[in-house]
Protein chains: 2
Amino acid sequence: MGVFSKTCEYAMRAVFYIAHRTIDGSRVGIKEIAEQIDSPEPFLAKILQELSRKGLIQSVKGPNGGFYIDEICLKRPLADIVTALDGEEIFSGCGMGLAHCSETNPCPLHKEFKKIRNQITQMLHTTTIGQFNKDLLLGHLTLKK
Amino acid sequence: MGVFSKTCEYAMRAVFYIAHRTIDGSRVGIKEIAEQIDSPEPFLAKILQELSRKGLIQSVKGPNGGFYIDEICLKRPLADIVTALDGEEIFSGCGMGLAHCSETNPCPLHKEFKKIRNQITQMLHTTTIGQFNKDLLLGHLTLKK
DNA sequence: ATATAAAAAGATAAAAAACTCTTTTATTTA
DNA sequence: TAAATAAAAGAGTTTTTTATCTTTTTATAT
């Protein structure tokens, strides 16, 4: 088990892929995306459908259609993707699974886990979807395997 | 989805509970543990069985039997519990789910996620199972809900 | 020895997550 | 306007996780 669900992992890889492949205004098809980020195609299709419905990515049907990400969405934080698919829990949940864990009613790990949560939150809020376009184009970063 | 599985969450709460309830050499039954940490009793039984089999906690059958944790195990890091149930992934896995992500072949989140992983690792390795006994007895910490 | 208490083991069930397949709808281009 | 393309939608299936139930084994106290 990772920190994020498989769904979320595929989604993060996919949006970074789409972002760097469509900066020229073109679109990229599900087949290419799935291949290049090494994910099951029909499953990824479902995920991108959901993101598209929520307006976090854009899509066009038909010939020359596919997925792309507009200027506004390129500037959105990665946190928006995570929230859309995995919910808020990662940003606020108790490390030991307690529903009412808080400053005044803390679990044993509360203080230490808070630091971790904050760091995850920080990472996801400061990272934008378009942030790695250059490095991906230059082949400095990987999204596959 | 939290950072740890439900299994692991229940386990962490349970070992802290058992630890602080058996410092006098007594044992505590599954029913009490389940009630006090707010977990499904038969499911928790399975988890404790596993931990007992792996020698991370101790148990005695029959009247006046139950679970306890010996001196040696009280000093073990919480990481041992997590590893026994959730495996190594949390300590080494890539944030985006890539199997071959590394320094030389990094995913976009590699650097930032490494900090998070390190902090989780640090927390789990420096926290011991018996560490909160005092504060739990004094009611300063909660394991329930 | 026997009764009893309590965990271990094994088998099963329910729910959630991950994944697949088929049909429909929208768009383009010939 | 027909054919082709590509995503959307809907309806499964499989696998994993979470949870339950029943029977067996072991230890203890009487």
Side-chain angles (χ1 to χ4, degrees), chain A residues 1-15 18 21-22 25-35 37-69 82 84-87 89-90 97, chain B residues 1-15 18 21-22 25-35 37-69 82 84-87 89-90 97:
Chain A
M1 225 191 74
V3 168
F4 306 106
S5 67
K6 284 268 163 210
T7 297
C8 198
E9 287 177 355
Y10 294 145
M12 292 191 290
R13 296 187 350 229
V15 297
I18 298 168
R21 279 284 285 107
T22 62
S26 66
R27 294 100 183 229
V28 57
I30 183 69
K31 191 163 183 176
E32 175 182 334
I33 306 169
E35 258 165 25
I37 70 164
D38 210 65
S39 78
E41 190 189 315
F43 188 41
L44 182 63
K46 280 288 162 200
I47 297 168
L48 295 185
Q49 221 176 89
E50 171 86 3
L51 292 179
S52 171
R53 216 174 323 118
K54 291 191 171 164
L56 294 169
I57 64 176
Q58 287 67 47
S59 72
V60 180
K61 291 185 187 179
N64 278 311
F67 295 92
Y68 67 101
I69 298 180
V82 175
L85 300 171
D86 278 3
E89 202 188 336
I90 193 82
Chain B
M1 226 192 75
V3 168
F4 305 107
S5 66
K6 284 267 163 212
T7 296
C8 198
E9 287 176 357
Y10 294 147
M12 292 191 289
R13 299 193 338 235
V15 296
I18 298 169
R21 278 284 286 105
T22 61
S26 66
R27 292 100 183 231
V28 58
I30 183 69
K31 192 163 182 172
E32 175 183 332
I33 305 168
E35 259 165 23
I37 70 164
D38 209 64
S39 78
E41 190 189 315
F43 188 42
L44 183 63
K46 281 287 162 201
I47 298 167
L48 295 185
Q49 221 175 88
E50 171 85 4
L51 292 179
S52 172
R53 214 171 329 115
K54 292 192 170 164
L56 294 168
I57 65 175
Q58 287 67 46
S59 74
V60 180
K61 291 183 184 182
N64 277 313
F67 295 91
Y68 68 101
I69 298 180
V82 175
L85 300 171
D86 278 3
E89 203 188 336
I90 192 83

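Proteins get letters first, then strands, A, B, ... in listed order; numbering begins at 1 in each.
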Tell me the interatomic distance from B:Q58, atom CD, to C:dA8, atom C1', rounded to whole angstroms.
16 Å
Nucleotide N/O to protein N/O under 3.5 Å, stretch nucleotides 28-30 of chain C:
unit_1	atom_1	unit_2	atom_2	d
C:dT29	OP1	A:N64	ND2	3.3

OP1, OP2 of C:dA7 versus side-chain N and O of B:R53: anything below 4.0 Å?
no
Non-neighbouring partners of A:Y10 that pass ring-ring contact (aromatic ring centres under 6.0 Å, His included), sequence neighbours left out
A:F43
Charged N-O contact under 4.0 Å between A:K54 and A:E50
yes
Taking the side chain from B:R21 and the backbone from B:R27, do they hold a donor-acceptor pair closer than 3.5 Å?
no
Please classify the nucleic acid contact of A:I30 as base, sugar-phosphate, or nothing, using heavy-atom distances under 4.0 Å.
sugar-phosphate
Could you list the protein-to-nucleotides 18-21 of chain C atom pairs, N/O on both sides, closer than 3.5 Å?
unit_1	atom_1	unit_2	atom_2	d
C:dA18	OP1	A:K6	N	3.2
C:dA18	OP2	A:T7	OG1	3.3
C:dC19	OP2	A:Y10	OH	3.1

Give the rounded distance in Å between these two atoms: CD of A:Q49 and P of D:dA11.
13 Å
Between B:D86 and B:S5, is there a donor-acceptor pair closer than 3.5 Å when you use the side chain of the first and the backbone of the second?
yes
From NZ of A:K31 over to P of D:dA6, roughly how many Å is that when rounded to an integer?
10 Å
In whole angstroms, the gap separating P of C:dA16 from CG of A:L85 amounts to 18 Å
Output yes when at least one side-chain N/O atom of A:S52 is less than 4.0 Å from OP1 or OP2 of D:dA8, else no.
yes
